[in-house]
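Just below is one structure, and these are the notes that go with it.
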Amino acid sequence: MIMIKSTKPLVSTQAAVALILLGPPGSGKGTQAKRLAHEYQIPHISSGDLFREHMSKETIIGLKAKEFIQAGKLVPDEFVMDMLFDRLAHPDCARGYLLDGFPRTVAQAEALAGKRDIKIPLIVLYLEVPDAVIVKRAEGRLVCKNCGMVYNLYSSSPRLPGVCDKCGGEIYRRPDDDANIVLKRLEVYHELTSPLIQYYTDQGILLKFDGNQNSDTVYYQLKKSINEKYL
Ligand code: AMP
């Protein structure tokens, strides 16, 4: 078992940091984001979670987003940008944040570059996972409706079927984890999101990780790299 050494939160010792988790759907961004946000005491902002919240409240954004999400497509920028930038304007983001699922296109990355506080250094953490592994993971993925904890029937099942170990919430299968939709999401990822790898590599701020490893190992490597670069 790998022991994860605790470190002091960045915000209490250092300047703030903005993290972006980049990778295909099901590469482990959500799982890693939760742990990193806790470790560095920065808010975890998941565009997918924001949309799911809007969908459950049946807001105008939620109703519109649903059509695209259920088809495995990207929600148009007009619905994404305002939602995201409103969230980034909250005071809890003044000393950093972790973005999970945003940006997903070069246009979104450029919009972020125009809006963000450049005094906060940005690190992009890219989780590389082969498509075949993504398809297999999506087949087994389950998520807690209440706290967003991610499980996998093949590697990390909940102790009681259908019940979250952490909060007792209801565990469900995301409708967009259906095999056909996952293939569509992967296609969209390769076409529209993967150019961000080059975009951020050119800026010298991308760190690449093998996401096809045990989740604790990936977490340890992410944390080590962030700490080496910024602590
Ligand atoms: P996720 O939970 O990150 O896998 O996102 C679920 C779905 O929400 C995606 O498949 C997209 O349809 C939509 N979505 C999330 N983030 C974005 C974004 N930045 N731009 C466009 N659509 C998004």
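The analysis underlying the following values was restricted to heavy atoms, covering all of them including side chains, and did not include hydrogens, waters or symmetry mates. These numbers were taken from a predicted model, which means no experiment stands behind them. All residue numbers refer to positions in the sequence shown, counting from 1. As the structure lists them, so they are numbered: ligands from 1, and atoms in each ligand from 1.
Protein heavy atom at the shortest distance from atom 16 (N) of ligand 1 is S47 OG, 2.7 Å. If you check which protein heavy atom lies closest to atom 7 (C) of ligand 1, you get I69 CG1, 3.9 Å. Nearest protein neighbour of atom 23 (C) of ligand 1, counting heavy atoms only, is F51 CE1, 3.8 Å.
The residue from M81, R185, Q70, R104 that puts a heavy atom closest to atom 9 (C) of ligand 1 is R104. Between the choices K29, M55, K73, the shortest heavy-atom distance to atom 11 (C) of ligand 1 belongs to K73.
Checking side-chain atoms of K57 against main-chain N and O of G62 turns up no donor-acceptor pair under 3.5 Å.
Atoms of ligand 1 found under 4.0 Å from any heavy atom of Q108 (numbered from 1 in listed order, with element): 18 (C), 19 (N), 20 (N), 21 (C). Of all atoms in ligand 1, listed by their number and element, those nearer than 4.0 Å to a heavy atom of V80 are 18 (C), 19 (N), 20 (N), 21 (C). Numbered from 1 in the order shown, with element, the atoms of ligand 1 that lie under 4.0 Å from a heavy atom of R52 read 2 (O), 6 (C).
In summary, the side chains of E110 and Y199 do not present any donor paired with an acceptor at a separation below 3.5 Å, with no hydrogens or angles considered. No hydrogens or angles considered: nothing links the side chains of D49 and H44 as a donor-acceptor pair under 3.5 Å. In this model, a donor atom of one side chain and an acceptor atom of the other lie less than 3.5 Å apart for Y40 and N227.
Considering both main-chain and side-chain atoms, V75 comes within under 3.5 Å of ligand 1 through a nitrogen or oxygen pair. Between R174 and ligand 1, at least one pair of N/O atoms sits closer than 3.5 Å. Note: an N/O pair closer than 3.5 Å links G101 and ligand 1 by distance alone.
Atom CD of E58 has 12 or fewer heavy atoms from other residues, nucleotides or ligands within 6.0 Å.
Using a 4.5 Å heavy-atom cutoff, the side chains of H90 and P43 are not in contact.
The side chain to side chain donor-acceptor pair (under 3.5 Å) with R174 is formed by just one residue from the set D177, D178, D176; it is D176.
The CG atom of L74 sits 5.5 Å away from the CG atom of L192 when rounded to the nearest 0.5 Å.
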